[in-house]
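For the single chain, residues carry numbers from 1 onward in sequence order. Remember, it's 1-based here, ligands and their atoms both numbered in the order they're listed.
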Amino acid sequence: RRGIRRISTGVRALDELLGGGIETKAITELVGEFGSGKTQLCHQLSIMVQLPEDKGGLKAKALYVDTENTFRPERIMQIAKYRGLDPQEALRNILYARAYNSDHQMMIVEESKKIIEKENIGLIVIDSLVAHFRSEYPGRENLAERQQKLNHHIAQLLRIADIYNAAVVVTNQVVAQPDVFFGNPLKPAGGNVIAHGATYRVWLRKGKENVRIAKIFDSPYHPEREVTFRITEEGVVD
Ligand code: GTP
Ligand code: MG
């Protein structure tokens, strides 16, 4: 893909894993169990994108679509301060939208083109991509419709990422695989639609205390290497 830019995660080990940070014109999926750090990374990236290029950012704003009401302005300001930004200004540079259901979520993304055309948006966050879809379309009988809508939604996100040279970061839940006796009993939600739609897939899991472990999976271009980072008062750090 031509003309791609990168946003540093603010964590050297993670940047190395990702080949320099998260990419524009791509969808990066963060998947992991509760408390694995998905939302914290989304907060951090919304700050990192604002930094000048020599500090790993794009000197751009973020669009933050929050589906679970877990966006924390105080946390944003805390991370901004640590990264040398004015906390109030950094918060203003995050355009926030709360999505109340899956149709609303899709509408926000559709309508976001108008905002992105006017504002310098370098990052679009969807936290969580799948939660509304999963709760509104439960069971096998709704699976086809759910996957069709999710597919449309992801295609739309990728188109926007491509047109506006922005990075898209989405979070995804893990679900149990009760039939798996060996190997990982957990798998990402969203099935093939997300597996094919996400450009990069990052699996996060909890280590001891504030330590978290990340690896890239499903990628022919990345080694299945694990790196660790920590979640502290300063945000997400090495
Ligand atoms: P779900 O959305 O529940 O699936 O989890 P998640 O993967 O989004 O987890 P999240 O990013 O919310 O990570 C939560 C972890 O970050 C918690 O276990 C806390 O330890 C840590 N954390 C969150 N906020 C703060 C904070 O303000 N200070 C510190 N030091 N740690 C925090
Ligand atoms: Mg979360």
Min heavy-atom dist Glu33 to ligand 1 below 4.0 Å: yes
Residue-ligand contact Thr70/ligand 1, heavy atom below 4.0 Å: no
Considering heavy atoms of the protein only, find what lies nearest to [atom] and give residue, atom and distance to 0.1 Å.
atom	answer
atom 3 (O) of ligand 1	Phe34 CB, 3.4 Å
atom 5 (O) of ligand 1	Gly35 N, 2.8 Å
atom 26 (C) of ligand 1	Arg75 CZ, 3.4 Å
atom 24 (N) of ligand 1	Gln40 NE2, 3.3 Å
atom 28 (N) of ligand 1	Glu233 OE2, 3.3 Å
atom 4 (O) of ligand 1	Lys38 NZ, 2.8 Å

Residue pair Glu233 / Tyr82, side-chain donor-acceptor N/O under 3.5 Å: no
Heteroatom test (N, O or S) for Thr39 near the Mg ion (ligand 2), limit 2.8 Å: yes
Option whose closest heavy atom lies nearest to atom 8 (O) of ligand 1, chosen from Ile79, Leu41, Ile231, Thr39: Thr39
Heavy-atom proximity to atom 20 (O) of ligand 1, best of Glu209, Arg72, Arg212, Arg205: Arg212
Worked check of ring-ring contact (aromatic ring centres under 6.0 Å, His included) between His222 and Tyr200: CA-CA 9 Å; His222 294 82; Tyr200 301 110; 5.4 Å; yes
